Enquirer: 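Sharing a structure, written as structure tokens. Questions coming.
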Amino acid sequence: MHKKKIDIIIPVYNEGLNIISTLNAIYNFVDHEFNILICYDFDNDTTVSAIKNSNYLNSLNTQIFFIKNNSTGAHGAVMSGIKSSLSDYCVVLPADDDYNINNFNNIINLMISDQIDILCPDRFIKGGSIKNGPFFKFLLARIVNLSLYYLAKMPTKDSTNGFRFFSRKTVQNISIESTEGFTYSIEYLVKGFEKGYRICNYPAMWIERSKGKSRFMILKWAKSYLKWYFLAIYNNLTK
């Protein structure tokens, strides 16, 4: 794998029904040079076979790489991808998200021109939206994220979103303590904010998946999220 402008890190778990649509969108919309890192747990994952049986994997295409999870679960898959990343920027992209990719060029151009370290796709600002999701899940997300925005002064209204862009500086200089779920995202944000890194947001959509099963387990991961939630508020109150 060679250094490109952006590494697109996709944690997967039996995403054979979704992954080709997402790859189609990447190849159709992303103009910057990129690598795609497919981060998987086990060899029989349907995502792996779907890609290997597609037209995207051939001797002329060296942009797709399979990264075996060094641990297990969503967190392990994401961190395995980040540790394998070489490029100037990386993005953690949900495997079923083929609808935000048309904004990638604008986002990368913004990160380059404004020297942004962490860019937060934001579902709760003008231009952002949530569609078809369970009411309780997204009511809770709204409450948590707005309280972080007002009480912790986070520079985004969507601190908990696992869909996130990072500069090479961010992933090299911030070590992650989290071990569960998508908590890495809020941890990078909280630590980056404390370090004075440049952070901005960009409108994003969230459409509840119609194919496959979500790996988001709100109750199981709540304790991990709450650690960074309260630390962010504490840091602001004690400045």
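For clarity, every value in this text was computed on a predicted model and none was experimentally measured.
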Enquirer: Is it the case that atom CD in Q115 sees more than 12 heavy atoms from other parts of the structure closer than 6.0 Å?
Expert: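 Counting neighbours around CD of Q115, 12 or fewer heavy atoms of other residues, nucleotides or ligands fall under 6.0 Å, so no.
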Enquirer: Tell me, which pairs form a salt bridge (Lys or Arg N to Asp or Glu O under 4.0 Å) where one or both residues lie in residues 25-40, sequence neighbours left out?
Expert: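 Those involving residues 25-40 do not exist here.
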Enquirer: Using modelled atom types and a 3.5 Å cut-off, is there a donor and acceptor pairing between side-chain atoms of D122 and backbone atoms of N201?
Expert: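 Not a single qualifying donor-acceptor pair exists.
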Enquirer: Find the distance between NE2 (H75) and CD (E180) and round it off to the nearest 0.5 Å.
Expert: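 So the NE2 of H75 and the CD of E180 are separated by 9.0 Å.
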Enquirer: Would Y197 and S167 count as having a side-chain donor-acceptor pair, cut-off 3.5 Å?
Expert: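 Note: Y197 and S167 side chains miss the donor-acceptor criterion.
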Enquirer: Which pair of heavy atoms, one from N161 and one from P121, lies closest together, and at what distance?
Expert: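 That closest heavy-atom pairing would be ND2-O, 3.1 Å.
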Enquirer: What about I19 and Y27, same hydrophobic cluster or not, with Ile/Leu/Val/Met/Phe/Trp/Tyr joined at side-chain heavy-atom distances under 4.5 Å?
Expert: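 I19 and Y27: one cluster.
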Enquirer: Rounded to the nearest 0.5 Å, what's the gap from CE on M79 to OG1 on T179? Could you check?
Expert: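 Here the interatomic distance stands at 11.0 Å.
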Enquirer: Quick check: does any side chain N or O of R164 sit under 3.5 Å from a backbone N or O of I118, one acting as donor and the other as acceptor?
Expert: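 Looks like no, no N/O pair under 3.5 Å.
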Enquirer: Determine the minimum heavy-atom distance between P11 and V78, stating which atoms define it.
Expert: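 Of all heavy-atom pairs spanning P11 and V78, the closest is CG-CG2, 3.7 Å.
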Enquirer: Any cation-pi pair here, K157 with F124, using under 6.0 Å and within 45°?
Expert: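 No - K157 does not lie over the ring of F124 by the 6.0 Å and 45° rule.
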Enquirer: Side chains of N106 and N109: any donor to acceptor distance under 3.5 Å?
Expert: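 Not at all, the side chains of N109 and N106 share no donor-acceptor pair under 3.5 Å.
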Enquirer: Any chance you could lay out the side chain to side chain contact (heavy atoms under 4.5 Å, CB included) test for C39 and I10, step after step, and finish with the verdict?
Expert: CA-CA 6 Å; C39 306; I10 308 180; over 6 Å; no
Enquirer: Are the side chains of V30 and N105 in touch, meaning some heavy atoms are under 4.5 Å apart?
Expert: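 Yes, close enough: below the 4.5 Å cut-off.
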Enquirer: Answer yes or no: is there a side-chain heavy-atom contact under 4.5 Å between L86 and H2?
Expert: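 With C-beta onward as the side chain, the pair stays apart.
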Enquirer: Check this for me: does any side-chain nitrogen of one of R123 and D158 sit under 4.0 Å from a carboxylate oxygen of the other?
Expert: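 A salt bridge is present here (some side-chain N lies under 4.0 Å from a carboxylate O).
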Enquirer: Could you point out which residue of I174, V190, D117 forms a side-chain contact (heavy atoms from CB on, under 4.5 Å) with K195?
Expert: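 Option passing the side-chain contact (heavy atoms from CB on, under 4.5 Å) with K195: I174.
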Enquirer: Report yes if some heavy atom in the side chain of Y188 is under 4.5 Å from a heavy atom in the side chain of V92; otherwise report no.
Expert: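 No; the side chains remain at least 4.5 Å from each other.
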Enquirer: What do you reckon, are the aromatic ring centroids of F104 and F34 less than 6.0 Å apart?
Expert: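 Judged by ring-centre distance (under 6.0 Å), F104 and F34 do not meet the cut-off.
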Enquirer: Below 4.0 angstrom, N of the basic side chain to O of the carboxylate: do E177 and K227 qualify?
Expert: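 So E177 pairs with K227 through a salt bridge.
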Enquirer: Distance from K223 atom NZ to T183 atom OG1, nearest 0.5 Å?
Expert: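 These two atoms lie 12.5 Å from each other.
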Enquirer: Would a distance-only check, ignoring hydrogens and angles, find a side-chain to backbone donor-acceptor pair under 3.5 Å from N69 to G73?
Expert: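 Side chain of N69 to backbone of G73: a pair is present.
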Enquirer: Could you tell me which residues satisfy side-chain hydrogen bond (donor to acceptor under 3.5 Å, both in side chains) with T46, sequence neighbours excluded, listed by chain and number?
Expert: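 Here no residue qualifies.
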Enquirer: Any chance you could measure Y56, atom OH, to Q63, atom CD, to the nearest 0.5 Å?
Expert: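 With rounding to 0.5 Å, OH (Y56) is 10.5 Å from CD (Q63).
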Enquirer: Mind checking the CG-OG1 spacing from L189 to T160? Nearest 0.5 Å is all I need.
Expert: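 Separation between the atoms: 10.0 Å.
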Enquirer: So among I26, L37, I36, D98, which one has a side-chain contact (heavy atoms from CB on, under 4.5 Å) with L93?
Expert: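 The single option meeting the side-chain contact (heavy atoms from CB on, under 4.5 Å) with L93 is I26.
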Enquirer: Please test N103 against N100 for side-chain hydrogen bond (donor to acceptor under 3.5 Å, both in side chains), starting from the C-alpha separation and ending with a verdict.
Expert: CA-CA 6 Å; N103 287 317; N100 282 301; 4.7 Å; no
Enquirer: Within the side chain of Y184, is there an N or O that forms a donor-acceptor pair under 3.5 Å with the backbone of G162?
Expert: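 Yes: the side chain of Y184 pairs with the backbone of G162.
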Enquirer: Quick check, are the ring centers of F166 and Y89 under 6.0 angstrom apart?
Expert: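 No; Y89 has its ring centre 6.0 Å or more from that of F166.
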Enquirer: Just checking F65: does its CZ atom have more than 12 heavy atoms from other residues, nucleotides or ligands closer to it than 6.0 angstrom?
Expert: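 Enclosed: over 12 neighbouring heavy atoms sit under 6.0 Å from CZ of F65.
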Enquirer: Quick one, L110 and C200 - any side-chain contact, counting heavy atoms below 4.5 Å?
Expert: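 They are in side-chain contact.
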Enquirer: Taking the six-membered ring for Trp, are F165 and F163 ring centroids under 6.0 Å apart?
Expert: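 Distance test on ring centres: under 6.0 Å, yes.
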Enquirer: In this structure, would L140 and L146 fall into the same cluster of hydrophobic residues linked by side-chain contacts under 4.5 Å?
Expert: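 No, because L140 and L146 fall into different hydrophobic clusters, even though each may have its own neighbours under 4.5 Å.
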Enquirer: Stepwise, does the side chain to side chain contact (heavy atoms under 4.5 Å, CB included) test hold for D43 with V48?
Expert: CA-CA 7 Å; D43 294 334; V48 176; over 6 Å; no
Enquirer: Does K191 reach the side chain of I186, with side-chain heavy atoms less than 4.5 Å apart?
Expert: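 A side-chain contact under 4.5 Å is absent here.
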Enquirer: Does E187 reach the main-chain N or O of S178 with its side chain, forming a donor-acceptor pair under 3.5 Å?
Expert: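 Judged by distance alone, yes, a pair lies under 3.5 Å.
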Enquirer: Any donor-acceptor pair under 3.5 Å linking the side chain of N145 with the backbone of L148?
Expert: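 Pair absent, no side-chain N/O of N145 close to backbone of L148.
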Enquirer: If only side-chain N and O atoms count, and only distance matters, is there a donor-acceptor pair under 3.5 Å linking W228 with S159?
Expert: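 No - no donor-acceptor pair under 3.5 Å links their side chains.
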Enquirer: Side chains of I67 and I9, heavy atoms from C-beta outward: is any pair under 4.5 Å?
Expert: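 They are not in side-chain contact.
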Enquirer: Say you draw a straight line from CG of L23 to CD1 of I64; how long is it, rounded to the nearest 0.5 Å?
Expert: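 It is 5.0 Å, given to the nearest 0.5 Å.
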Enquirer: Would you kindly confirm whether I125 and L119 end up in one hydrophobic cluster when ILVMFWY residues are joined by side chain heavy atoms under 4.5 Å apart?
Expert: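 No; tracing contacts between hydrophobic side chains, which count when under 4.5 Å, never links both residues.
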Enquirer: side-chain hydrogen bond (donor to acceptor under 3.5 Å, both in side chains) between S147 and Y229: does it pass, once the steps are laid out?
Expert: CA-CA 9 Å; S147 61; Y229 174 85; 2.8 Å; yes
Enquirer: Quick check: closest heavy atoms across N14 and N44, and the distance to 0.1 Å?
Expert: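 Of all heavy-atom pairs spanning N14 and N44, the closest is OD1-O, 4.3 Å.
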Enquirer: Should we count NZ of K68 as having more than 12 external heavy atoms under 6.0 Å?
Expert: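 Yes, because the 6.0 Å sphere around NZ of K68 holds more than 12 heavy atoms from other groups.
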Enquirer: Are I143 and Y150 grouped together when hydrophobic residues (ILVMFWY) are joined by side-chain heavy atoms under 4.5 angstrom apart?
Expert: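 As far as the 4.5 Å side-chain criterion goes, Y150 and I143 are not connected within one cluster.
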Enquirer: If the condition is ring pair (Phe, Tyr, Trp, His ring centres under 6.0 Å), which residues does F66 pass it with, not counting sequence neighbours?
Expert: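 Ring pair (Phe, Tyr, Trp, His ring centres under 6.0 Å) list for F66, sorted by chain: empty.
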Enquirer: Does atom OH of Y149 have more than 12 heavy-atom neighbours from other groups under 6.0 Å away?
Expert: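 No.
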Enquirer: Looking at L151, is its backbone amide N or carbonyl O close enough to the side chain of N236 to form a donor-acceptor pair, meaning the two atoms are under 3.5 Å apart?
Expert: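 Yes; at least one donor-acceptor contact below 3.5 Å.
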Enquirer: Please confirm whether the ring centroid of Y13 lies under 6.0 Å from the ring centroid of Y40.
Expert: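 They do not qualify: ring centres at least 6.0 Å apart.
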Enquirer: Quick one: do K3 and D88 make a salt bridge, cutoff under 4.0 Å?
Expert: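 Counted as a salt bridge, because a side-chain N and a carboxylate O are separated by less than 4.0 Å.
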Enquirer: Any donor-acceptor pair under 3.5 Å linking the side chain of N35 with the backbone of I6?
Expert: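 It does not hold such a pair.
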Enquirer: Do side-chain atoms of S85 reach the backbone of G81 as a donor and acceptor pair under 3.5 angstrom?
Expert: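 Not a single qualifying donor-acceptor pair exists.
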Enquirer: Hey, is the main chain of S87 close enough, under 3.5 Å, to the side chain of D7 for a donor-acceptor pair?
Expert: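 Flag set: sc D7 to bb S87 pair under 3.5 Å.
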Enquirer: Under a 4.5 Å cut-off applied to non-hydrogen side-chain atoms, are T156 and I199 in contact?
Expert: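 They are not in side-chain contact.
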Enquirer: Ignoring hydrogens, what is the shortest heavy-atom contact between A77 and D41? Give both atom names and the distance.
Expert: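 In this case the closest contact between A77 and D41 is CB-OD1, 4.5 Å.
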Enquirer: Does a side-chain heavy-atom distance below 4.5 Å link P155 with F193?
Expert: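 Sidechains of F193 and P155: in contact.
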